[in-house]
Amino acid sequence: MTVIPGDLDTSPVSTAAPRRPRTTEEIVATWTNLENGLQFTLPVDITALWSTAGLVAQFEQMTFYLDEVDPVSKRRRGPLNGHGVPRPCMKIYASTYTAAMNGLRSLGATPASMAAMMSGVAAGMGVAGQLANHRRSKDRP
C-alpha cells in the first residue's frame with residue numbers, strides 16, 4: 001500500500017491549535033504576564049526575550065502553514081510535498097525550532113533549564129548556609 005502525504009490527515013477531530021499563529025508581541029505579552037510570566041529587568045534579558053519570541057512566532061507561522069489544507073489538492077500540506085519529497089521550508093523550519101529552543105533554554109523557560117537553574121540556586125544557598133554556620137561556630141566562646 002502506498003501512502004500519499006495528506007491521505008491519513010482527514011480526521012474530523014478538531015485540535016486546540018489556534019486559528020492563526022501568534023505575533024511576536026502576543027508571545028511576549030504572554031511570557032511577561034505579571035502573575036506567572038518570566039520576570040526580567042535587564043535590557044539584555046529583554047532583548048533575548050524578544051529575539052526568542054520572534055523565533056517562536058516564525059516557527060508557529062511555519063507550523064500553521066504546514067498544518068493548513070492546500071486549496072489545490074484539498075490535503076493537509078505537511079512536511080512532504082505531493083511527491084513525497086521534503087518541502088524546501090523544512091530546513092528553515094528545523095533551524096528555527098533549534099534556535100527557538102536554544103533561546104528558551106537560555107531564558108530558563110524549559111523544564112530542564114529551570115531545574116538546572118534551581119539546582120544552582122540551591123547549591124548557592126547551601127554554600128551560604130555552610131558559611132553562616134561556620135561564622136556562628138567561630139563566634140561561640
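Excluded from the calculations below are hydrogen atoms, water molecules and symmetry mates; all remaining heavy atoms, backbone and side chain alike, are included. The model shown is predicted, which means the values in this text are computed figures rather than measured ones.
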Exercise: identify the closest heavy-atom pair between [X] and [Y]:
X     : Y      : answer
Thr24 : Ala57  : OG1-CB, 3.6 Å
Val56 : Ala100 : CG2-CB, 4.0 Å
Thr52 : Gly103 : OG1-CA, 3.4 Å
Glu25 : Trp50  : CG-CH2, 4.0 Å
Leu66 : Arg76  : O-CG, 3.7 Å

Notebook entry, point to check: Under a single-linkage definition using a 4.5 Å side-chain heavy-atom cutoff for Ile, Leu, Val, Met, Phe, Trp and Tyr, are Tyr65 and Leu55 assigned to the same hydrophobic cluster?
Noted result: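 Tyr65 and Leu55: separate clusters.
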
Notebook entry, point to check: Can you hop from Ile46 to Ile27 via hydrophobic side chains spaced under 4.5 Å?
Noted result: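 Yes; Ile27 is reachable from Ile46 via cluster members.
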
Next item on the list: Using a 4.5 Å cut-off on heavy atoms from C-beta on, say whether the side chain of Arg75 contacts that of Asp70.
Entry: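 Side-chain contact under 4.5 Å: no.
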
Check: Are any of the side-chain heavy atoms of Trp31 and Leu104 separated by less than 4.5 Å?
Finding: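 SC-SC contact between Trp31 and Leu104 confirmed.
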
Check: Do Glu60 side-chain atoms and Pro21 backbone N/O form a donor-acceptor pair below 3.5 Å?
Finding: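 Looks like no, no N/O pair under 3.5 Å.
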
Check: Can you check whether Arg77's main-chain N or O pairs, donor with acceptor, with Arg87's side chain at less than 3.5 Å?
Finding: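 Yes; at least one donor-acceptor contact below 3.5 Å.
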
Notebook entry, point to check: Rounded to the nearest 0.5 Å, how far does CE of Met90 lie from OG1 of Thr96?
Noted result: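 Reported to 0.5 Å precision, the distance equals 10.5 Å.
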
Item checked: Nearest-0.5 Å distance that lies between atom SG in Cys89 and atom CD in Gln61 ->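 Reported value, rounded in 0.5 Å steps: 12.5 Å.
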
